[in-house]
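Atoms within each ligand, like the ligands themselves, are counted from 1 in listed order. Not measured: the values here are computed from a predicted model.
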Amino acid sequence: MNVLKHILAGLIAVFLLSACQPNNNSQEQSSIDQQVEALLEQMSLEEKIGQMCQVNGGGGTLNDDFKQMLKEGRIGSILNEVDVTTINEIQRISVEESRLGIPVLIARDVIHGFKTVFPIPLGQAATWNPEIVREGCRVAAAEAASSGIKWTFAPMIDISRDARWGRIAESLGEDPHLTSVLGAAMVKGFQGDDLADENSIIACAKHFVGYGAAEGGRDYNSTLIPPRELHDVYLPPFEAAVDAGVRTFMSGFNDIDGVPATGNEYLMRDVLRDKWQFDGFVVSDWASVWEMINHGFAADEKEAAKRAINAGVNMEMASTTYEDNIAALISEGLISEAIIDQAVREILRVKYEAGLFDNPYIAEENQYQFAKPAYLEAAKLAATQSMVLLKNNKQTLPVSKNKTIALVGPMANQAYEQLGTWIFDGDSTLSVTPLMALQQELGAGKLLFAQALATSRTKHTKGFKQAIEQAKKADVIVFCGGEESILSGEAHSRANIDLPGAQNELIRALKQTGKPLVLVVMAGRPLTIGAVSEHADAVIYAWHPGTMGGAALADILLGKANPSGKLPVTFPKVVGQIPMHYNHKNTGRPANPDSWTHIDEIPVKAPQTSLGNESHYIDAGFTPLYPFGYGLSYTTFAYSGLQLDKDVYAQDDRIQVSFELENTGEVAGDEVVQVYVRDVAGSVSRPVKELKAFKRISLNQGDKTSVMLEIAIQDLAFHNIDMEKVVEPGEFQLWVGGDSTTELSTTFKVE
Ligand code: GLC
């Protein structure tokens, strides 16, 4: 009876779809939907279950068992296979030797490049440049597609406020607006204008949702995200990804207040599908279906499968609870075959949209198209715009080419390490390291080099002597340190986020030479470099800058490029300040610089009430080392004439924010202008400020330009005391400037 009902349902669906007269674009969609229905009707339950299974390939994928599974249609997707010959054979078997000829979706983590590696996403976020980010993903898609990949598990758009968390490296930082804009740019870069294009790959918004809120910054840990923060901070980037057309989602490992994301029906059905109308499909993160047993959310594999399916996970990655239990779950009436049909429908729809049925093979002439000059140029531009100048005392930078530079440090010549985390396919032979680039730019006598420490974690000081000797012969020291790539990324959280090994000691020793010292940090996270950067006259944060990182750094050091990056995440002074983010609540006792007393200044036996009773640390204060949005330039910029087009706005208005920006320095440069807004009082307390608009503007020295940025009043909406998303009437403050501490402000009202 069950099957008959579905055949009837399928026929009705086909009839209804063919009855409507859609326009061109949806004409294609309805044709796809018709093809999906027609195929679905022919599928056995085993074949449907096969589409819901993603297996790990890579290295010897095509063994006999695997071939048999393909012939039986028991594999919907394979991850980690990148050999085109193998992939073409996988598709051939699937298309020609299985009953229904359904192609397999080939997936890979293409996070910030494939062979040509771009800066880690946290570094790309520091460009505040959606076009650069989109272009990087376009390049990554073209290279990956030429290797047979059709689906990437990116963008990772988890809001990350904890530098101890290793995966902050993969994120776009702490801010919902910046992450939303850049995450959407990544989706469009990967998917292009046509998902079936040979250079397009399917994007995947991950990890849905709240993974970055892992308690203590310890990867995979529980999260406790209250509903309002979930909707106003963690969910917006994912909604923006849906609006950008992302076709897949990945459920996260974490639980939110006891409910694992992979079993969270509210998130994947009520929010993702019902409210946002997402009609692609959801894949679980690695074995996260099975891990619901560990979470204590499922008694066994069968219950884990049932919970994940009911919650809305279409495809299971790596674990096999679906393959092993769906048939029994249906025969025991614990889940309906209709929910399986819907899960498979959404998978097949994306496969059709991706052109897999029309052409599942990679043609000879399209294979292995890597590292084209234009790709390397794009990677260099991204690296250049990602680097953030944090300090530049006495105009230490740029260094003139007639100066002798002593390049020192464990990251100065590390072709692999500068690529960063999540670069399975990155080709380190393509890397241009700082040493290589500076050797290219400076005459032999002008560049002295001492690695001094074998790795970023080296603790012994054997190499110090030679380094100090080189430093004494130079005009300026460039110390290039930070973290090896493996010290951030998945499962690599750190409780102490200082520069590892003996780097701090070496920097202090080098400073003893009395030479100007430039500190360059290559890392996958903000590091607590406050103490050590006291010894530096200039500081450049280079993140893990990717293949062309050295070339980009050399251009900045020598003044061929003017640094323009801005921090996408707050830098704490000490790890004990974490979590620390700019868009925090004011509290009832906001920190007050006038009443804060440093721990060393507190009089002995000072009376309890004699110090500022405000929200601060008596030892670390209440300000970060560097604030969100911060970054210097070799030039200076002045903001003036801030004005709004109105004093009072209606709910459907758009604010026109106008101001003058002047390059008041000696060289051309880019400034990322930022607009922050505060809702002064609401039915619930609101953040002290939130980024609502930004734009990168290029100006020649002495030039001045009028800037106008628009903000829709509805962009100020939040979830009120009744959890309704509204803009409440009242007073608002608005700031404009080059970072989140800007004081140039005005006010307006919303009625
Ligand atoms: C990993 C990661 C996820 C990745 C997946 C496949 O554990 O959490 O981001 O896409 O497995 O490699």
Side-chain angles (χ1 to χ4, degrees), residues 53-59 61 75-82 104-114 120-122 137 140-141 144 147 149-160 165-172 179 183 186-187 190 201-214 217-223 234 237-238 241 246-256 260-262 264 280-292 294-295 308 313-320 420-426 485-486 488-493 524:
C53 298
Q54 180 181 62
V55 299
N56 187 29
T61 304
I75 298 177
S77 173
I78 291 171
L79 75 156
N80 296 330
E81 178 53 67
V82 293
V104 170
L105 205 42
I106 305 294
R108 181 71 158 177
D109 291 281
V110 184
I111 308 300
H112 54 107
F114 188 69
I120 53 172
L122 192 59
C137 294
S147 197
I149 307 303
K150 194 60 188 178
W151 180 21
T152 179
F153 300 128
M156 187 273 217
I157 45 182
D158 299 304
I159 294 298
S160 308
W165 191 48
R167 303 196 76 167
I168 193 169
E170 294 169 67
S171 81
L172 293 165
T179 298
M186 287 187 159
V187 169
F190 286 126
I201 59 178
I202 302 160
C204 180
K206 75 181 185 183
H207 306 79
F208 195 58
V209 70
Y211 185 21
R218 195 163 63 249
D219 204 359
Y220 315 115
N221 201 7
S222 295
T223 72
Y234 292 93
F238 288 92
V246 74
R247 297 306 293 138
T248 68
F249 265 57
M250 180 186 291
S251 63
F253 288 125
N254 59 294
D255 69 294
I256 300 176
T262 299
N264 198 313
F281 74 85
V282 179
V283 64
S284 61
D285 196 347
W286 193 278
S288 59
V289 174
W290 186 91
E291 288 175 9
M292 288 197 285
N294 288 343
H295 275 289
V313 176
N314 302 68
M315 185 183 282
E316 179 178 18
M317 180 193 296
S319 49
T320 59
T421 185
W422 281 106
I423 44 98
F424 293 149
D425 306 288
S485 66
I486 195 59
S488 60
E490 184 172 352
H492 291 86
S493 298

Inset, instruction - Please state whether the rings of F249 and F238 are parallel, tilted or perpendicular, taking 30° and 60° as the class boundaries. - result: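 Geometry flag for F238 against F249: tilted rings.
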Inset, instruction - Taking side-chain contact (heavy atoms from CB on, under 4.5 Å) as the test, write out the residues that go with A141, two or more places apart. - result: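 With sequence neighbours excluded, A141 shows a side-chain contact (heavy atoms from CB on, under 4.5 Å) to R138, F190, I201, given in chain and number order.
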Legend entry - N-O pairing of R108 and D425 below 4.0 Å: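 D425 and R108: salt-bridged.
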Legend entry - Taking every non-hydrogen atom, the tightest pair across S284 and T262: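 Closest heavy-atom pair between S284 and T262: CB-CG2, 4.2 Å.
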Inset, instruction - Would you confirm whether D219, through its side chain, and S493, through its main-chain N or O, come within 3.5 Å as a donor-acceptor pair? - result: no
Inset, instruction - Starting at OG of S288, measure out to CE of M250 and round the result to the nearest 0.5 Å. - result: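 It is 8.5 Å, given to the nearest 0.5 Å.
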Provide, line by line, the atom pairs where ligand 1 and the protein bring an N/O atom each to a distance under 3.5 Å; else say none.
{"residue": "ligand 1", "atom": "7 (O)", "partner": "E490", "partner atom": "OE1", "Å": "3.0"}
{"residue": "ligand 1", "atom": "7 (O)", "partner": "E490", "partner atom": "OE2", "Å": "3.1"}
{"residue": "ligand 1", "atom": "8 (O)", "partner": "R167", "partner atom": "NH1", "Å": "2.7"}
{"residue": "ligand 1", "atom": "8 (O)", "partner": "D285", "partner atom": "OD1", "Å": "3.3"}
{"residue": "ligand 1", "atom": "8 (O)", "partner": "D285", "partner atom": "OD2", "Å": "2.6"}
{"residue": "ligand 1", "atom": "8 (O)", "partner": "E490", "partner atom": "OE1", "Å": "3.4"}
{"residue": "ligand 1", "atom": "9 (O)", "partner": "R167", "partner atom": "NH2", "Å": "2.8"}
{"residue": "ligand 1", "atom": "9 (O)", "partner": "K206", "partner atom": "NZ", "Å": "2.8"}
{"residue": "ligand 1", "atom": "9 (O)", "partner": "H207", "partner atom": "NE2", "Å": "2.6"}
{"residue": "ligand 1", "atom": "10 (O)", "partner": "D109", "partner atom": "OD1", "Å": "2.5"}
{"residue": "ligand 1", "atom": "10 (O)", "partner": "K206", "partner atom": "NZ", "Å": "3.0"}
{"residue": "ligand 1", "atom": "11 (O)", "partner": "D285", "partner atom": "OD1", "Å": "3.1"}
{"residue": "ligand 1", "atom": "12 (O)", "partner": "D109", "partner atom": "OD2", "Å": "2.5"}

